[in-house]
Undergrad: 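Below is one structure. I have some questions about it.
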Amino acid sequence: MLIPIKKETDRQEIDKILISLKPRKAFQAKKFLGKLKWGEDACQYQKKNER
């Protein structure tokens, strides 16, 4: 993200701008954890889909 700052801007104003920025949302890895439950072996599935 770019923040335009003029030469006349003093340190206190820059600090205010930086504090007012919202932090980025963290990636929620818990949504994607776990295993898929398939009824067949993974190697057999790959061989079937190769053809």
Side-chain angles (χ1 to χ4, degrees):
M1 173 189 299
L2 297 176
I3 303 170
I5 298 174
K6 297 179 182 177
K7 285 187 177 181
E8 303 86 40
T9 309
D10 62 347
R11 180 74 178 174
Q12 292 173 346
E13 290 180 32
I14 294 172
D15 288 338
K16 285 180 187 178
I17 293 169
L18 292 176
I19 290 172
S20 68
L21 293 175
K22 293 183 181 180
R24 295 180 114 194
K25 292 184 180 180
F27 175 72
Q28 296 178 358
K30 288 185 180 180
K31 284 183 176 180
F32 304 100
L33 292 178
K35 294 183 180 178
L36 294 176
K37 295 185 180 181
W38 290 356
E40 62 183 315
D41 185 41
C43 291
Q44 292 174 354
Y45 177 78
Q46 288 179 356
K47 286 180 184 178
K48 184 176 74 174
N49 285 337
E50 261 182 18
R51 298 179 190 167

Undergrad: Can you give me every donor-acceptor pair (side chain of residues 3-21, partner residue at least two apart or in another chain, under 3.5 Å) with its distance?
TA:
unit_1: Thr9; atom_1: OG1; unit_2: Lys6; atom_2: N; d: 3.4
unit_1: Thr9; atom_1: OG1; unit_2: Lys6; atom_2: O; d: 3.2
unit_1: Asp10; atom_1: OD1; unit_2: Glu13; atom_2: N; d: 3.3
unit_1: Ser20; atom_1: OG; unit_2: Lys16; atom_2: O; d: 3.4
unit_1: Ser20; atom_1: OG; unit_2: Ile17; atom_2: O; d: 2.8

Undergrad: Please name all residues satisfying salt bridge (charged side-chain N to carboxylate O under 4.0 Å, His left out) with Glu50, sequence neighbours left out, ordered by chain then number.
TA: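 None.
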Undergrad: Could you list the residues that satisfy side chain to side chain contact (heavy atoms under 4.5 Å, CB included) with Asp41, not counting sequence neighbours?
TA: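 In terms of side chain to side chain contact (heavy atoms under 4.5 Å, CB included), with neighbours along the sequence ignored, Asp41 is linked to Cys43, Gln44.
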